[in-house]
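Heads up: the structure comes next, in structure tokens.
Just follow the structure's listing: the first ligand is 1, and inside any ligand the first atom is 1. Computed from heavy atoms alone, side chains included, the values below leave out hydrogens, waters and symmetry copies.
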Amino acid sequence: MAPEPVNVNEFKELARQALPKMYFDYYAGGAEDENTLRENIEAYQRIRLRPRVLVDVSRIDMSTTVLGYKISAPIMIAPTAYHQLAHPEGEVATARAAASCDTIMVLSYMSNCAVEEVASSCNAVRFYQLYVNKRRDVSAQLVQRAERNGFKAIVWTVDAPRLGRREADIRNKMVAPQLKNFEGLMSAEVHTLRGDDGSKLEAFARKTFDDSLCWEDLKWLRSITNLPILIKGVLTHEDARKAVEAGVHGIVVSNHGARQLDHTPATISVLEEVVQAVGGKVPVIVDGGIRRGTDVFKALALGAQAVLIGRPVIYGLAAMGQRGVKSVVEMLKNELELTMALSGCPTLEHITRSHAKMASEPVNVNEFQELARKVLPKMYFDF
Ligand code: HOC
């Protein structure tokens, strides 16, 4: 019997063993040369922590609220597609795990289980992810079903007018599995494309995702739902400002798990730029590359309200079903709790910008010399 994992990273190998190669590659892969995929993780490793000592940390409170919903820790479940490829219980198992960890799950627009099935399976607070379909009536019906079934917010994913080039899926001729939500809304041929040429997901996205979507369309979205809208896929201060002006209720800094446009920056390295542009008007959430409680702590120090966990949740689900997802979230919570204790932060409010140091940031006068060496021609630096 394989030993129980002791950290979130160890679930990846278990998932590889549990899954057919086509599905593991789909979850694990990124776009093109996977530069951003690596960078999402490595950028966290370059950030240093600046702990404080002699603070009473005998009680640590990690609880927070997102859009007014209280959760046990600022660690939520990201929308990821097709959970039944990872485990037969699919999104129902993930939602139950979210409920047992007292956190929020964002259900993917591309979920295998129906919105109603997930809603009735547990009492987790759930948000619903939306990709806007070329057929607006399909998207409207799904959003309204989510609203009727008690989902509390829409997570409008805006970074996928087309699908990124995922070469593992192309090689594997990745097949799109059955999506119950679309039954009766779209013909089966559309939502379960078959054939043997390249990635069926890419074909599905090209056929159905609305690639004419623009800022104006937020008005349409607001006209079909009363739910708060988080925009997911923002990476620049320019778009963050536009989003706030357009009236969104929150921003998710995301590069889609590095699955869309390769060579975008790691999300953690643009988080602060977005947070500053937003100026506290709406919450900012971040996803991508979070594998440790220290990563969560760093994201909070740089201004995130909470983080979303994608691949590790899928790996937990593939390895052990509901128990695996719970275990992934609990491991991150435990590590965050320890990081807070060792950093002198008994509550999330104690975590400040000065608890993290970016690789490029000097914390004393001596470090300016090295920075100056990098920016000056040698002749001037030597002088
Ligand atoms: C068929 C279209 O977000 C991913 C998911 C799902 C994308 C839509 C697939 O794989 O990045």
| field | Asp217 and Arg136 ion-paired at < 4.0 Å | value | yes
Quick check for students: name every N or O atom pair between ligand 1 and the protein closer than 3.5 Å, with distances.
| residue | atom | partner | partner atom | Å |
| --- | --- | --- | --- | --- |
| ligand 1 | 3 (O) | Tyr131 | OH | 2.5 |
| ligand 1 | 3 (O) | His256 | NE2 | 2.8 |
| ligand 1 | 10 (O) | Tyr26 | OH | 2.5 |
| ligand 1 | 10 (O) | Arg166 | NH1 | 2.7 |
| ligand 1 | 10 (O) | Arg259 | NE | 3.4 |
| ligand 1 | 10 (O) | Arg259 | NH2 | 2.9 |
| ligand 1 | 11 (O) | Arg166 | NH1 | 3.2 |
| ligand 1 | 11 (O) | Arg166 | NH2 | 2.9 |
| ligand 1 | 11 (O) | His256 | NE2 | 2.8 |
| ligand 1 | 11 (O) | Arg259 | NE | 2.9 |

| query | Is it true that Asp102 and Lys70 make a salt bridge, defined as a side-chain N closer than 4.0 Å to a carboxylate O? | reply | no
| Charged N to carboxylate O below 4.0 Å: is that the case for Lys242 and Glu245? | no
| request: Can you tell me which residue pairs pass the ring pair (Phe, Tyr, Trp, His ring centres under 6.0 Å) test with a partner in residues 135-181, sequence neighbours excluded? | output: Tyr128-Phe151
Side chains of residues 247-263: which donor-acceptor partners sit under 3.5 Å, not counting sequence neighbours?
| residue | atom | partner | partner atom | Å |
| --- | --- | --- | --- | --- |
| His249 | ND1 | Ile229 | N | 2.9 |
| Ser254 | OG | His256 | N | 2.9 |
| Ser254 | OG | Asp287 | OD1 | 3.0 |
| Ser254 | OG | Asp287 | OD2 | 3.1 |
| Asn255 | OD1 | Asn40 | ND2 | 3.0 |
| Asn255 | OD1 | Ala258 | N | 3.0 |
| Asn255 | ND2 | Asn40 | OD1 | 3.0 |
| Asn255 | ND2 | Pro265 | O | 3.0 |
| His256 | ND1 | Asp159 | OD1 | 2.8 |
| His256 | ND1 | Asp159 | OD2 | 3.4 |
| His256 | NE2 | Tyr131 | OH | 3.2 |
| Arg259 | NH1 | Tyr26 | O | 2.8 |
| Arg259 | NH1 | Tyr27 | O | 3.2 |
| Arg259 | NH1 | Gly29 | O | 3.1 |
| Arg259 | NH2 | Tyr26 | O | 3.0 |
| Gln260 | OE1 | Gly164 | N | 2.8 |
| Gln260 | OE1 | Arg166 | NH2 | 3.0 |
| Gln260 | NE2 | Asp159 | O | 3.0 |
| Gln260 | NE2 | Arg162 | O | 2.8 |
| Asp262 | OD1 | Asn35 | N | 3.0 |
| Asp262 | OD1 | Thr36 | N | 2.9 |
| Asp262 | OD1 | Thr36 | OG1 | 3.4 |
| Asp262 | OD2 | Asp33 | N | 3.1 |
| Asp262 | OD2 | Glu34 | N | 3.2 |
| Asp262 | OD2 | Asn35 | N | 3.3 |
| Asp262 | OD2 | Asn35 | ND2 | 3.4 |
| His263 | NE2 | Asn35 | ND2 | 3.2 |

| task | Under the salt bridge (Lys or Arg N to Asp or Glu O under 4.0 Å) rule, collect the residues that match up with Glu273, sequence neighbours excluded. | result | none
